[in-house]
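When reading the values below, keep in mind they use all heavy atoms of this one structure, side chains included, and skip hydrogens, waters and symmetry mates.
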Amino acid sequence: MREAKLRSSWEAPDEAYENRCHGLARALLDPERSQAFLDDITAFVGRIAPAAAANGLAQVALRYTVPGVPDLYQGTEIADLSLVDPDNRRPVDYAQLQASLDGETPAKMALIRQLLGLRRTHPRLFSEGRYEPIALTGIRADQAIAFRRIGTDAILRCVIPLRCAERYLDRIDARDWWGDTALASGEALADLLGERSMSIEMLPAKS
């Protein structure tokens with residue numbers, strides 16, 4: 001509320017207004033007062049969760065593969081469901097993060113680990129490698145981004161879907177969704193991606 005600066009702000013807080021907002025939130029989250037609302041919101045969150053997860057992984061993939069230095073709010077190596085920007089001053093639950101690494105690693109953390117491993121193994125590719133967009137053709141050509149990072153000893157090819165919530169919400173098969181969509185080099189996205197949320201592949205450098 002204070003960040004939005006509509007009715008309250010850090011410079012001029014309206015605590016009475018803030019208390020009323022907090023009261024509304026508490027009432028909505030109280031099962032004895034708002035069970036129907038909670039049932040609806042739980043069903044809605046469950047429906048959009050796969051699309052939200054895919055969008056989150058797309059952001060992670062781009063952050064660690066495009067030119068530049070990847071940045072991350074400490075403690076957000078796993079999904080962060082804050083309603084505001086994460087705060088780098090928050091205490092980090094390192095025990096929880098370690099437990100996630102030791103157990104069934106969450107998808108976001110697993111992808112970060114994979115991409116950091118690639119950056120460690122191929123440092124010159126990421127620090128000096130050329131960025132080359134790959135054109136797409138077909139019915140979903142505007143719903144994916146594809147590019148290569150080209151180094152002297154290896155090529156990283158990335159194909160990352162964008163704006164595909166409809167596919168997840170309506171549970172559309174990947175092959176039906178992508179149809180004739182393909183890279184300009186000929187590879188069909190239905191083959192490259194299958195049911196995966198992205199394709200990140202290290203290829204040998206061209207001689």
Side-chain angles (χ1 to χ4, degrees), residues 48-80 85-86 88 101 105-207:
I48 67 172
N55 285 341
L57 293 178
Q59 292 180 43
V60 170
L62 290 171
R63 187 163 59 240
Y64 285 85
T65 55
V66 299
V69 179
D71 190 17
L72 174 78
Y73 281 108
Q74 61 181 357
T76 62
E77 292 84 356
I78 56 179
D80 184 278
D85 290 339
N88 258 352
L101 277 174
T105 307
K108 180 181 179 181
M109 179 179 279
L111 181 58
I112 291 172
R113 180 166 58 182
Q114 173 196 350
L115 296 177
L116 286 177
L118 289 178
R119 296 181 71 93
R120 184 182 300 112
T121 305
H122 303 275
R124 292 189 61 187
L125 171 67
F126 288 94
S127 62
E128 303 173 12
R130 188 169 78 254
Y131 175 90
E132 181 181 276
I134 304 174
L136 292 106
T137 61
I139 61 171
R140 304 283 183 191
D142 63 343
Q143 289 179 273
I145 181 171
F147 58 89
R148 300 181 187 91
R149 296 296 305 276
I150 302 174
T152 56
D153 60 345
I155 297 173
L156 180 72
R157 184 182 66 196
C158 301
V159 182
I160 302 171
L162 304 172
R163 301 184 300 278
C164 295
E166 181 185 351
R167 181 199 155 199
Y168 293 97
L169 293 176
D170 295 339
R171 300 181 180 180
I172 300 173
D173 176 79
R175 191 162 296 278
D176 293 336
W177 174 260
W178 293 112
D180 64 347
T181 311
L183 302 183
S185 49
E187 299 92 336
L189 261 65
D191 294 331
L192 284 175
L193 295 168
E195 294 295 334
R196 296 179 298 163
S197 58
M198 68 192 65
S199 171
I200 298 175
E201 188 174 0
M202 193 66 70
L203 306 172
K206 298 177 181 178
S207 56

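Summarising the local packing, CZ of Arg196 is surrounded by more than 12 heavy atoms from other residues, nucleotides or ligands at distances under 6.0 Å.
The salt bridge (Lys or Arg N to Asp or Glu O under 4.0 Å) test with Glu201 singles out one residue from Arg157, Arg149, Arg148, and that residue is Arg157.
Between Leu192 and Val159, the closest heavy-atom pair is CD1-CG2, 4.1 Å. Between Ala205 and Thr152, the shortest heavy-atom distance links the atoms CB-O, 3.6 Å. Minimum interatomic distance between Lys108 and Ala79 (heavy atoms only, all atoms of both residues): CD-N, 4.0 Å. Across Thr105 and Leu101, no two heavy atoms sit closer than the pair OG1-O, 3.6 Å.
Formation of a donor-acceptor pair under 3.5 Å by the Asp170 side chain with backbone atoms of Ile172 is not found in this model. Judged by distance alone, with hydrogens and angles left aside, the side-chain atoms of Gln59 form no donor-acceptor pair with the main-chain N or O of Leu57 at under 3.5 Å. For the pair Arg124 (side chain) and Gly151 (backbone), a donor-acceptor distance under 3.5 Å is absent. Checking side-chain atoms of Arg140 against main-chain N and O of Gly179 turns up no donor-acceptor pair under 3.5 Å.
Between the CZ atom in Phe126 and the CG atom in Leu118 there is a gap of 5.5 Å [rounded to 0.5 Å]. Asp180 contributes atom CG, which lies 6.5 Å from atom OG1 of Thr137 (distance to the nearest 0.5 angstrom).
Using a 4.5 Å heavy-atom threshold, the side chains of Met202 and Leu125 count as touching.
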